[in-house]
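To start, the structure under review is shown below, and the notes come after it.
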Amino acid sequence: MDKERNGGERMNRRKWLIGLILLCLAAGIYAVIRFNIDPTLAPEDIKLRARVVPAAEKPAEVPSQASAASAYATVVEVELESAGGKALKQEGYSYKVYPYVQNGTVAAWEPAPDALGKGQKPESYAFGPDAVTMPRALEMIERLTGASTNEEEAKKAGMSGGFVYTGETFPAKVRYYAKEAGAGTDATDGRTYILFSYHEKKWGKDVSWVKAVKVAP
């Protein structure tokens, strides 16, 4: 009886040790995968360009979603392109491209007329902020400018017009129309940035990032 009992105890200890070893191996493999995991899209996979549109190229009026009486001082044109021209399908990830015009209020936005003239469809563009990508973009703006900016100020400065592009022909191109934020300010006197805010989680790891481009005056 004692021999049988001792043999059973040894067998139970052996099973327990094997289980513990397997658990440690699984945890180690998970840790290695999680440490080395990469986002589906990396910053170098995205090309982001922007410019202030010269006065000679400015349209006579702002787009229809803004008041016809809303004069604007600055037009910023943004181009988005993906490496290899691959469509940004947002499968497992999400992104948004945000403008930020310091000292300005972005009154309106639209797909650039010449982009639509090349066959891109208006429905391939979707505008508006979201609760995931905008806070990250706002954190980047605060680091770049060294000034605290609340959500409402950021939205007025252009983040309300953040966009995604679901089409397959590139570059995607959007124009933003900005006016002075108030008396004594000049929309052309502040810093303007375009931000690509990317969100993704893999194996429980946050692999999100933000890419910022400063627009030359």
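The first residue of the sequence shown is numbered 1, and numbering continues consecutively from there.
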Of all pairs that satisfy ring pair (Phe, Tyr, Trp, His ring centres under 6.0 Å), the ones with a partner from residues 73-94, not counting sequence neighbours
Tyr93-Tyr198

Closer than 3.5 angstrom, by distance alone: can the side chain of Arg191 be matched with the main-chain N or O of Thr145 as a donor-acceptor pair?
yes

Under a 4.5 Å side-chain heavy-atom rule over Ile, Leu, Val, Met, Phe, Trp and Tyr, are Val97 and Ile46 clustered together?
yes

What I'd like to find out is whether the side chain of Lys155 reaches to under 4.5 Å of the side chain of Met134, using heavy atoms alone.
yes

Shortest non-hydrogen contact from Glu200 to Gly92?
CG-O, 3.4 Å

Going hydrophobic residue to hydrophobic residue with side-chain gaps under 4.5 angstrom, can you get from Leu80 over to Tyr125?
yes

Indicate yes or no: does Asp38 engage Lys205 in a salt bridge with an N to O separation below 4.0 Å.
no

For the hydrophobic clusters of this structure (ILVMFWY residues joined by side-chain heavy atoms under 4.5 Å, transitively), does one cluster hold both Leu41 and Phe163?
yes

Determine whether Leu144 and Val215 fall in the same hydrophobic cluster, where Ile, Leu, Val, Met, Phe, Trp and Tyr are linked whenever their side-chain heavy atoms lie under 4.5 Å apart.
no

Apply side chain to side chain contact (heavy atoms under 4.5 Å, CB included) to Glu153 and Glu151, showing your working.
CA-CA 5 Å; Glu153 291 172 342; Glu151 186 175 311; over 6 Å; no

Can you tell me how far apart CD (Gln120) and CG (Asp114) are? Round to the nearest 0.5 Å.
9.0 Å

Might you work through the side-chain hydrogen bond (donor to acceptor under 3.5 Å, both in side chains) test for Thr192 and Gln102, ending with a clear yes or no?
CA-CA 6 Å; Thr192 296; Gln102 194 176 33; over 6 Å; no

Using 30° and 60° as the class boundaries, would you call the ring planes of Phe127 and Tyr176 parallel, tilted or perpendicular?
perpendicular

Check whether Lys96 reaches the backbone of Gly128 with its side chain - one donor and one acceptor, N or O, closer than 3.5 Å.
yes

Check this for me, if you would: do Arg175 and Glu110 make a salt bridge, where the nitrogen-to-carboxylate-oxygen distance has to be below 4.0 angstrom?
no

Quick one: does Thr40's side chain get under 4.5 Å of Val207's, heavy atoms only?
no

Check Glu81 with Arg49, please: is the shortest side-chain N to carboxylate O separation under 4.0 Å?
yes

Flag for Ser208-His199: side-chain donor and acceptor within less than 3.5 Å
yes

Find out whether Pro111 and Lys173 are in side-chain contact, i.e. whether some heavy atom of one side chain is under 4.5 Å from a heavy atom of the other.
no

Euclidean distance, Glu152 CD relative to Ser160 OG, rounded to 0.5 Å
7.5 Å

Glu142: what forms a side chain to side chain donor-acceptor pair (under 3.5 Å) with it, not counting sequence neighbours?
none

Looking at NZ of Lys211 and CD1 of Ile194, how far apart are the two atoms once the value is rounded to the nearest 0.5 Å?
13.0 Å

With side chains defined as the heavy atoms from C-beta onward, is the minimum distance between Val75 and Val52 less than 4.5 Å?
no

Distance (rounded to the nearest 0.5 Å) between Leu48 CG and Ser82 OG:
12.0 Å

Leu138 CG to Arg143 CZ distance, which is reported to the nearest 0.5 Å:
10.5 Å

Evaluate the criterion side chain to side chain contact (heavy atoms under 4.5 Å, CB included) for residue pair Leu195 and Ile141; output intermediate values, then yes/no.
CA-CA 9 Å; Leu195 306 102; Ile141 283 297; 3.7 Å; yes

If I take atom OG1 from residue Thr166 and atom CD from residue Gln90, how far apart are they, to the nearest 0.5 angstrom?
8.5 Å

Ring-ring centroid check Tyr165 Phe170, cutoff 6.0 Å:
yes

For the residue pair Met159 and Pro129, what are the closest heavy atoms and their distance?
O-CB, 3.6 Å

Honestly curious: do Met140 and Tyr95 fall in one hydrophobic cluster under the side-chain, below-4.5 Å linking rule?
no

Does any donor atom in the side chain of Tyr98 or Thr133 lie under 3.5 Å from an acceptor atom in the other side chain?
yes

